[in-house]
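The block underneath contains the structure these notes are about, expressed in structure tokens.
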There are 2 protein chains.
Amino acid sequence: MTVVTTYRQDALPARGNAGRMGTVTAASATRGRESKSRERRDQLAESALVTLGQLGYARTSLREIAQNSPFSHGFVHYYFADKTELITYCVRHYKRQCVTRYDTVVSESATAAELVERFADELVETIEQEAPMHRLWYDLRTQAMFDPALRPDALAIDATLQDMVARVLERYAELDGRSLAVPVAVAYPMLDGVFEQALLRHLSGVPDALTTLRATACTLLPRLLRVR
Amino acid sequence: MTVVTTYRQDALPARGNAGRMGTVTAASATRGRESKSRERRDQLAESALVTLGQLGYARTSLREIAQNSPFSHGFVHYYFADKTELITYCVRHYKRQCVTRYDTVVSESATAAELVERFADELVETIEQEAPMHRLWYDLRTQAMFDPALRPDALAIDATLQDMVARVLERYAELDGRSLAVPVAVAYPMLDGVFEQALLRHLSGVPDALTTLRATACTLLPRLLRVR
DNA sequence: CCCAACTCTTGACAGTCGTCACGACCTATC
DNA sequence: GATAGGTCGTGACGACTGTCAAGAGTTGGG
């Protein structure tokens with residue numbers, strides 16, 4: 001069984017106005033349709049992300065997504081050709097808002113010590129507020145180990161998250177007047193592993209999972225800089 | 001919908017001789033049956049682990065497991081009451097043989113430098129030889145974030161793996177005459193994150209994923225010890 | 001040698017899944 | 001205001017799932 005994966009533009013619906021559409025119609029009307037179409041897709045993605053975060057990738061059916069949204073299950077297949085197309089669109093949609101998570105920490109911290117503290121706080125707060133979202137991300141990344149169709153997205157998001165960590169660490173090094181002891185490509189998986197473990201333990205009801213995460217971050221970050 | 005989870009002994013089959021059986025039968029025959037029952041369960045687990053490693057937790061059906069084994073799909077339900085019972089039994093079965101993975105590295109390395117080299121080699125070899133097994137483990141751990149029934153097993157296996165890493169690192173510190181700079185509870189998630197990232201990249205066809213893993217391990221381990 | 005218990009296979013049931021065709025509704029254009 | 005096309009809900013199909021009942025096949029004890 002061979003699977004042919006075709007890349008589709010994010011803005012174009014699956015079957016809606018996907019075909020030839022600018023034949024006679026005015027360009028303005030087409031643009032109006034396109035924007036409305038994207039709007040619908042984003043509405044559905046927003047709703048689907050909640051369900052996906054609750055149930056996980058495998059247990060979430062298209063019907064369940066539709067049921068937890070103001071739309072019907074036929075609506076889903078009108079705007080998305082496939083289940084995987086919906087999923088990847090949802091995760092890309094989530095990615096956009098996730099990247100800016102630590103930007104204020106980077107821009108507002110005046111000293112290295114302050115940056116560490118605020119970074120650790122933000123780590124904890126992220127789990128407290130968006131634990132379902134993050135387990136969904138880990139779910140997708142793990143499924144990418146099995147399904148080749150998910151790998152480009154998983155690797156791309158990983159790269160984006162690594163860039164996010166890079167901005168934090170490089171600003172931290174700059175504030176402290178030192179340089180990074182390990183490349184970001186090493187530091188990111190390390191921090192990610194610590195974060196993932198804390199997420200699992202937090203979801204499992206381990207009481208001090210988040211306080212441990214905070215302490216770990218505070219002791220770990222200084223060790224990522226070169227000894228003076 | 002409430003789900004009642006009942007813990008079952010590993011040695012007892014689901015419905016086979018699980019009921020009252022030692023009424024008139026000789027105890028020796030009962031023991032013989034028990035051992036044969038466990039043998040059957042292990043045979044099925046061995047076969048199921050291959051399928052699970054190929055398809056992943058969600059995509060693997062009981063029929064698929066049976067089809068890739070010399071047994072029928074009814075056989076599965078004769079020895080295992082539930083799908084989750086089969087899965088957890090399989091993973092426990094795998095856990096037993098995984099723990100001893102780095103024991104020779106610990107016992108045979110004469111110097112700290114040799115231990116680092118052999119540990120890094122073993123990391124790479126593990127991915128090369130048992131990538132499907134490890135993505136299955138990551139799959140199960142991620143599913144535990146959603147399904148509470150899997151959490152005890154996931155946390156238990158994580159603890160076992162952490163103990164394994166602890167034996168390596170403590171021996172490494174001993175050989176080098178230094179002490180660990182970070183507790184093992186921090187070092188394990190770090191190394192696990194690096195390993196997980198390398199596994200994903202290796203499965204995704206990134207060419208230098210394993211050589212990068214090896215280099216990372218060699219530079220990371222010395223940084224886990226206190227400065228002299 | 002027979003009978004009973006154990007072992008395992010076959011077949012089927014109820015439910016859910018992704019997918020799609022059909023038709024109703026709405027909107028805008030002539 | 002008729003009409004064509006975009007938009008979306010309803011219903012159904014086929015495939016697949018976990019689960020279980022019923023009955024063959026096998027084994028061992030009397």
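Proteins get letters first, then strands, A, B, ... in listed order; numbering begins at 1 in each.
- B:Arg63 has no side-chain polar atom (N or O) that falls below the 4.0 Å cut-off from OP1 or OP2 of D:dT19.
- D:dG6 atom C1' lies 19 Å from atom CZ of A:Arg38, rounded to whole Å.
- Computed from coordinates, the A:Glu85 CD to C:dT19 C1' distance equals 14 Å when rounded to whole Å.
- For the pair A:Arg59 and C:dT16, the criterion of a side-chain N or O lying under 4.0 Å from OP1 or OP2 is not met.
- No more than 12 heavy atoms of other residues, nucleotides or ligands shown are found within 6.0 angstrom of CZ on A:Arg201.
- An OP1 or OP2 oxygen of D:dC8 is reached within less than 4.0 angstrom by no side-chain nitrogen or oxygen of A:Tyr78.
- For A:Phe75, taking side-chain heavy atoms from C-beta onward, the closest of the listed nucleotides C:dG18, D:dC8, C:dT19 is D:dC8.
- Between A:Gln67 atom CD and D:dC8 atom P the separation is 19 Å, expressed in whole Å.
- In terms of modelled atom types and a separation under 3.5 Å, the side chain of B:Ser204 and the main chain of B:Val206 share no donor-acceptor contact.
- We find that CD1 of A:Ile65 is positioned 15 Å from C1' of C:dT16, with the value rounded to whole Å.
- Side-chain N/O atoms of B:Tyr79 include one lying less than 4.0 angstrom from OP1 or OP2 on C:dC8.
- Within 3.5 Å, no donor on the side chain of A:His77 pairs with an acceptor on the base of D:dG9, nor the reverse.
- Rounded to whole Å, the distance from NE2 on A:His73 to C1' on D:dT10 is 7 Å.
- Between B:Asp153 and B:Lys95, none of the side-chain N atoms (NZ, or NE/NH1/NH2) sits under 4.0 Å from a carboxylate O, so this pair counts as no salt bridge.
- Contact annotation: A:Ser61 reaches the phosphate of C:dC17 (side-chain N/O to OP1 or OP2, under 4.0 Å).
- A salt bridge links B:Arg41 with B:Glu85; the closest basic N to acidic carboxylate O contact falls under 4.0 Å.
- Ranking C:dT19, D:dG18, C:dT10 by closeness to the B:Ser72 side chain, first place goes to C:dT10.
- Per the geometry, NZ belonging to B:Lys83 stands 13 Å off C1' belonging to C:dT16, to the nearest Å.
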